[in-house]
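Below is one structure, written out as structure tokens; comments come after it.
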Amino acid sequence: MADKSSSNAYWAANIRMIRIFLVIWFIVSFGFGIILRPALSGIKIGGTDLGFWFAQQGSILVFLVLIFVYAARMNKLDREHGVEE
């Protein structure tokens with residue numbers, strides 16, 4: 001990373017990615033698990049309603065998927081900006 005503008009672009013892309021992933025996780029955990037739970041109560045998954053599933057397991061699974069997606073996207077971003085390990 002040679003110049004300041006490249007460094008700023010790298011960190012701007014990194015922060016934007018983090019914000020997007022946090023919004024996705026918030027929507028899944030708080031939105032589906034708490035706010036939309038009554039609307040999802042009629043849909044059954046694994047013997048329980050979908051809202052309860054999102055509150056108990058869905059948000060954790062989505063978080064784990066987001067970790068792996070973030071790692072893959074950061075590796076790609078690192079290669080694009082020439083800071084890969």
Side-chain angles (χ1 to χ4, degrees):
M1 207 176 310
D3 60 353
K4 185 79 169 167
S5 65
S6 179
S7 176
N8 287 342
Y10 174 79
W11 285 107
N14 186 4
I15 297 299
R16 182 175 52 250
M17 194 181 331
I18 290 171
R19 285 182 181 158
I20 290 169
F21 290 151
L22 285 175
V23 166
I24 291 170
W25 192 39
F26 176 80
I27 289 169
V28 169
S29 62
F30 189 74
F32 291 158
I34 297 173
I35 294 175
L36 295 176
R37 188 177 188 283
L40 298 173
S41 64
I43 303 169
K44 299 291 182 190
I45 183 169
T48 186
D49 66 84
L50 188 59
F52 179 78
W53 184 84
F54 270 115
Q56 296 302 312
Q57 294 178 0
S59 62
I60 295 168
L61 293 176
V62 168
F63 181 68
L64 291 173
V65 168
L66 287 175
I67 288 172
F68 288 106
V69 171
Y70 175 75
R73 296 282 307 248
M74 279 305 298
N75 286 336
K76 180 181 175 189
L77 185 66
D78 288 348
R79 281 191 303 274
E80 289 173 359
H81 289 273
V83 293
E84 69 272 5
E85 294 178 1

How long is the straight-line distance from [atom2] of [Y] back to [atom1] of [X], given to the nearest 0.5 Å?
| X | Y | atom1 | atom2 | result |
| --- | --- | --- | --- | --- |
| L36 | I27 | CG | CD1 | 10.0 Å |
| E80 | M74 | CD | CE | 10.5 Å |
| S59 | F26 | OG | CZ | 12.0 Å |
| I18 | L66 | CD1 | CG | 12.0 Å |
| I43 | T48 | CD1 | OG1 | 12.0 Å |

Examine I20 and F68 and state if one hydrophobic cluster contains both, with Ile, Leu, Val, Met, Phe, Trp and Tyr joined whenever side-chain heavy atoms are less than 4.5 Å apart.
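No, it is not one cluster - the side chains of I20 and F68 are not joined through contacts under 4.5 Å.
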
N/O donor-acceptor pair under 3.5 Å between W25 side chain and V62 backbone:
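Absent.
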
For a quick check under 3.5 Å, do Y70 and N75 share a side-chain donor-acceptor pair by atom type?
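Per modelled atom types, Y70 and N75 side chains form no pair under 3.5 Å.
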
On a heavy-atom basis, which atom in [X] and which in [Y] lie closest, and how many Å separate them?
| X | Y | result |
| --- | --- | --- |
| P38 | S41 | O-OG, 2.9 Å |
| D49 | F52 | OD1-N, 2.9 Å |
| G51 | L40 | N-CB, 3.6 Å |

Do Y10 and D78 make a side-chain contact, defined as non-hydrogen atoms from C-beta onward lying under 4.5 Å apart?
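They are in contact (side-chain heavy atoms under 4.5 Å apart), so the answer is yes.
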
Please say whether more than 12 non-hydrogen atoms of neighbouring residues, nucleotides or ligands are located less than 6.0 Å from NZ in K44.
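Check passes, neighbour count above 12.
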
